[in-house]
Amino acid sequence: MTEVRTVGVVGLGAMGAGIAQLCVEAGLETIGREVTAELGETAKGRIAHFLARKVEKGQLDGQERNAAVERLRLTTELSDLAGCDVVIEAIVEELGAKLELFGELDWIVAPDAMLATNTSALSVTEIAAATTRPERVVGMHFFNPAPLMPLVEIVRAELTADEPFERAYALGERLGKTPIRCHDTPGFVVNRVLIPLLNDCIRVLDEARVSPEDLDAALKHGAGWPMGPCTLVDLVGIDVHVHASEALYEKLREPRMAPPPRLVRMLQAGKLGRKTGEGFYRYD
Ligand SMILES: NC(=O)c1ccc[n+]([C@@H]2O[C@H](COP(=O)([O-])OP(=O)(O)OC[C@H]3O[C@@H](n4cnc5c(N)ncnc54)[C@H](O)[C@@H]3O)[C@@H](O)[C@H]2O)c1
């Protein structure tokens, strides 16, 4: 298997910046592509800040931190990714934008390069079909925040070949993650299980007329959850959870996947959880 030396990360938003941070910390030369130089610089500033905090906490040596930050090169030109062994895409969750990007990458990177998408809810197989080499496309589904969440789902699309699939798995390990192998089905593994489960929890709020505090206590102390469902949905963001529920419902047509009306009302009222200061709980 080809050793990965240079990684391209396309899109340096919440997920892409976290993935780029993992890459530079793992000693990989990394090229980050954003749509404007300013967005790239902002992301690099955030990465430098997080790594400085690790130095303060004694988790990283100052020199290592500087070397890691220097390993990230920024560009707005996709053609600068030509020499990458792997490109990980983390742009907006819109099929059209991803198809266009993969179509362009197909002409830019070497024939044996591996292309990965961090999509949460789109079909990796459909994205791969935008290229002339669908066998070299995989899903690498990181969790938010990528530097802290240990799991990465390595997703085999319909036509993915063994070598790029295992290259993605090995890269996940090299980035210090716990990778798992799965196939390209809606929600992959965690979201397929967690989204309907959380939706059930929210419906129980109304059915059993239980308070958010008591529901959280029930799942923590009766089922060993590390945090209650209302706390978790507030943390994830009501908007992100409703969007993921709608995407799964659209594909699977199972009523449990549909967002509960209570969450839709919260979304409409702008109560998005921690990020807006109010969801099931208030955050001051
Ligand atoms: N946020 C999460 O919890 C989460 C978790 C797992 C996976 N994901 C997936 O990761 C992807 C990114 O999500 P996010 O939350 O980081 O979004 P985000 O909006 O924070 O970041 C997306 C970034 O991509 C940039 N961008 C858009 N088009 C681009 C292009 N053609 N080239 C380069 N950059 C481009 C935007 O400027 C933006 O900075 C999505 O597919 C999402 O479904 C998100």
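Every number for a ligand or one of its atoms is a count from 1 in the order of the listing.
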Rounding to 0.5 Å, atoms CG (Leu263) and CD (Gln268) come to a distance of 11.0 Å

Which of the ligand 1 atoms, numbered from 1, are nearer than 4.0 Å to a heavy atom of Phe142: 5 (C), 6 (C), 7 (C)

Hey, is ligand 1 close enough to Thr119 that some N/O pair sits below 3.5 Å? no

Quick check for you: to the nearest 0.5 Å, what is the distance between Leu267 atom CG and Ile238 atom CD1? 8.5 Å

Around atom 20 (O) of ligand 1, find the nearest protein heavy atom and jot down its residue, atom name and distance. Ala14 N, 3.0 Å

For His141, take its heavy atoms, then give the atoms of ligand 1 lying under 4.0 Å from any of them. 6 (C), 7 (C)

Heavy-atom proximity to atom 10 (O) of ligand 1, picking from Asn118, Val35, Ile19, points to Asn118

Salt bridge present between Glu25 and Lys54 (N-O < 4.0 angstrom): yes

Any nitrogen or oxygen of Val240 lying under 3.5 Å from a nitrogen or oxygen in ligand 1? Just yes or no. no

Check the pair Asp162, Arg156 against side-chain contact (heavy atoms from CB on, under 4.5 Å), reporting the backbone distance first and the verdict last. CA-CA 9 Å; Asp162 291 341; Arg156 185 189 271 277; 2.8 Å; yes

Which of the atoms in ligand 1, numbered in the order shown and given with their element, are less than 4.0 Å from a heavy-atom of Leu39? 37 (O)

Indicate yes or no: does Lys98 engage Glu93 in a salt bridge with an N to O separation below 4.0 Å. yes

Lys98: numbered ligand 1 atoms lying under 4.0 Å from its heavy atoms: 40 (C), 41 (O)

For atom 13 (O) of ligand 1, what is the nearest protein heavy atom, given as residue, atom name and distance? Met15 CG, 3.9 Å

among protein heavy atoms, the one nearest atom 7 (C) of ligand 1 is Ser120 OG, 3.0 Å

Does the side-chain contact (heavy atoms from CB on, under 4.5 Å) test come out yes or no for Glu89 and Leu101, once each step is laid out? CA-CA 9 Å; Glu89 167 275 313; Leu101 176 66; 3.4 Å; yes

Atoms of ligand 1, numbered as shown, that sit under 4.0 Å from any heavy atom of Asn144: 1 (N), 2 (C), 3 (O)

Examine Glu34 against ligand 1 and note whether any of their N/O atoms are separated by less than 3.5 Å. yes

Does a side chain donor of either Asp80 or Thr75 reach within less than 3.5 Å of an acceptor in the other side chain? yes

side-chain contact (heavy atoms from CB on, under 4.5 Å) between Phe280 and Ser211: does it pass, once the steps are laid out? CA-CA 10 Å; Phe280 288 102; Ser211 68; over 6 Å; no

Could you tell me whether a side-chain N or O of Thr125 sits under 3.5 Å from a main-chain N or O of Glu158, the two making a donor and an acceptor? yes

Is atom 17 (O) of ligand 1 in close reach of the protein, with a heavy atom under 4.0 Å away? no

Geometric N/O contact Glu93 with ligand 1, under 3.5 angstrom: yes

Within 45° of the axis and under 6.0 Å from the centre of the six-membered ring of Tyr249, does NZ or CZ of Arg253 qualify? yes

Nearest protein heavy atom to atom 34 (N) of ligand 1, by residue and atom, and its distance? Gly11 CA, 3.4 Å

Using a strict 4.0 Å threshold on nitrogen-to-oxygen distance, state whether Glu166 and Arg181 make a salt bridge. yes

Nearest heavy atom to atom 22 (C) of ligand 1: which of Gly16, Pro145, Ala90 does it belong to? Ala90

Looking only at protein heavy atoms, which one is nearest to atom 19 (O) of ligand 1, and how far off is it? Val92 CG1, 4.5 Å

Would you mind checking which non-hydrogen protein atom is closest to atom 31 (N) of ligand 1, with the distance to 0.1 Å? Arg33 NH1, 3.6 Å

Residues Asp112 and Arg136 bridged, charged N to O under 4.0 Å: no

Salt-bridge criterion met for Glu207 and Arg203 (N-O under 4.0 Å): no

Give me the nearest non-hydrogen protein atom to atom 21 (O) of ligand 1 as residue plus atom name, then the distance to 0.1 Å. Gly13 CA, 3.3 Å

Any Phe143 heavy atom less than 4.0 Å to ligand 1: no

Under 4.0 Å, heavy atoms only, figure out whether ligand 1 is touched by the backbone of Leu78, its side chain, both or neither. neither

Asp85 and Arg167 ion-paired at < 4.0 Å: no

What protein heavy atom is closest to atom 28 (N) of ligand 1, reported as residue, atom name and distance in Å? Ile91 CB, 3.7 Å

State the atoms of ligand 1, each with its element, that fall below the 4.0 Å cut-off from a heavy-atom position in Val10. 32 (N), 33 (C)

